[in-house]
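Single-structure report; data block below.
These numbers were taken from a predicted model, which means no experiment stands behind them. Just follow the structure's listing: the first ligand is 1, and inside any ligand the first atom is 1.
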Amino acid sequence: MHPAGRVVIRAAGVHRRFGGVSVLRGVDLAVSAGEFVTLSGPSGSGKTALLSLLCGFDFPDSGSVLPGPASWTDCAVLPQSLGLATELTLEENVALPLRLAGREVSGVSALLAELGIGELGSRYPGQVSFGQQQRAALARAVVARPAALLADEPTAHLDAESAEAAIRLLRRLADDGTAVLIATHHDAVHAVADRVLVLADGQVQAA
Ligand SMILES: Nc1ncnc2c1ncn2[C@@H]1O[C@H](COP(=O)(O)OP(=O)(O)O)[C@@H](O)[C@H]1O
Ligand SMILES: [Mg+2]
């Protein structure tokens, strides 16, 4: 579905300062279609800031990024803060990328069930736990099989069994051709990655 080997996510010479502090200092990375890459690094090293640039929520002071501002089918995101629409049910949240793309809504219930929240589709985000919201946000991120997926600590609020289901789903998405980049501290996520990158001192290095 997505041509293998094509670079879908890229940062080239990216610099970003916040309030005079240089957080990203010449970041280079590339993730190709079908690749599953994890990004680790100490808290405060700039992982969230980098993902925000890659998906076009923010803009670099210098350097260039791909995909940048894009549709949900080009680039789906699972932000640390989740960003679910509180006025929509979990099912409606998950269906949103398909509706925005004018595509048939299908596979939503199956995804929720696979992530262990199959009974909760008609609830609103405020009526479920944060970990359950996180799984709904993951389902929303994968439902349209985007060209790129950026996920920020997607297993941070999950128990081991739920995390395992989430990791299996993300790995399958990459195997089906999506370029997947995940900021995480979780060894179980690094374990299934094709490559592990580390963000330290404002730059990305291979682990
Ligand atoms: N929008 C912003 N405004 C000001 N400072 C920011 C902003 N985003 C990130 N920072 C700062 O950049 C640094 C990296 O933050 P962050 O990207 O959240 O790190 P990580 O995700 O690796 O824990 C922190 O010092 C943080 O305070
Ligand atoms: Mg972060």
Side-chain angles (χ1 to χ4, degrees), residues 8-31 35-70 72 75-84 93 125 129-142 146 148-160 162-163 166-167 169-171 173-174 178-207:
V8 178
I9 300 169
R10 185 199 296 281
V14 164
H15 289 256
R16 187 72 174 103
R17 297 167 71 86
F18 295 109
V21 178
S22 201
V23 173
L24 302 177
R25 290 181 268 167
V27 167
D28 296 301
L29 66 81
V31 183
E35 253 195 320
F36 186 120
V37 175
T38 53
L39 179 66
S40 68
S43 177
S45 59
K47 300 181 296 297
T48 295
L50 176 57
L51 293 185
S52 299
L53 295 171
L54 291 169
C55 70
F57 288 174
D58 186 24
F59 297 91
D61 296 321
S62 60
S64 63
V65 295
L66 269 181
W72 269 91
C75 184
V77 292
L78 175 42
Q80 218 162 2
S81 54
L82 307 186
L84 291 172
N93 267 285
S129 74
F130 195 81
Q132 290 164 339
Q133 291 180 45
Q134 186 167 44
R135 284 178 271 166
L138 172 60
R140 179 184 57 178
V142 307
L149 173 68
L150 301 169
D152 203 349
E153 314 220 10
T155 55
H157 302 276
L158 304 184
D159 59 72
S162 304
I167 292 164
L169 176 59
L170 287 163
R171 179 68 248 187
L173 193 74
T178 295
V180 175
L181 178 63
I182 302 181
T184 186
H185 292 291
H186 197 162
D187 285 341
V189 188
H190 295 310
V192 302
D194 298 312
R195 284 186 290 137
V196 177
L197 303 175
V198 181
L199 184 57
D201 301 325
Q203 297 196 327
V204 166
Q205 296 136 24

Checklist outcome for this item: Contact region, Pro42 to ligand 1, non-hydrogen atoms below 4.0 Å, reads backbone
Checklist entry - Going through the distances and angles, do Leu138 and Leu170 end up as a side-chain contact (heavy atoms from CB on, under 4.5 Å)? => result CA-CA 9 Å; Leu138 172 60; Leu170 287 163; 3.7 Å; yes
Checklist entry - Are any of the protein's heavy atoms under 4.0 angstrom from atom 26 (C) of ligand 1, yes or no? => result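 Flag for atom 26 (C) of ligand 1 set to false, no protein heavy atom closer than 4.0 Å.
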Next on the checklist: Determine whether any protein heavy atom is located less than 4.0 Å from atom 3 (N) of ligand 1.
Outcome noted: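 Yes; the ligand atom in question has protein heavy-atom contact below 4.0 Å.
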Donor-acceptor contact present, side-chain [X] to main-chain [Y], <3.5 Å:
| X | Y | result |
| --- | --- | --- |
| Glu35 | Ala174 | no |
| Ser52 | Phe57 | no |
| Arg171 | Val192 | yes |
| Asp194 | Val37 | no |
| Lys47 | Pro42 | yes |
| Arg16 | Phe59 | yes |
| Ser129 | Gln132 | yes |
| Gln134 | Pro154 | yes |
| Gln80 | Asp152 | no |
| Thr184 | His186 | yes |

Checklist entry - Under 4.0 Å from any heavy atom of Val23, which atoms of ligand 1 are there? => result 12 (O), 13 (C), 14 (C)
Next on the checklist: So for ligand 1, is Gln80 a polar contact partner (N or O within less than 3.5 Å, distance only)?
Outcome noted: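 Such a contact does not occur with ligand 1.
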Item to check | Backbone or side-chain N or O of Gly46 under 3.5 Å from ligand 1 N or O | outcome: yes
Nearest-neighbour protein heavy atom for [atom], which is reported as residue plus atom name and distance:
| atom | answer |
| --- | --- |
| atom 17 (O) of ligand 1 | Ala49 N, 2.8 Å |
| atom 23 (O) of ligand 1 | Gly44 N, 2.7 Å |
| atom 9 (C) of ligand 1 | Phe18 CE1, 3.6 Å |

Item to check | Shortest heavy-atom approach to atom 21 (O) of ligand 1 - which of Val21, Thr48, Leu24 | outcome: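 Heavy atom nearest to atom 21 (O) of ligand 1 belongs to Thr48.
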Item to check | Listed protein N/O/S atoms, distance to the Mg ion (ligand 2) under 2.8 Å | outcome: Thr48 OG1, Gln80 OE1
Checklist entry - Among the heavy atoms of Ser43, does any lie under 4.0 Å from an atom of ligand 1? => result yes
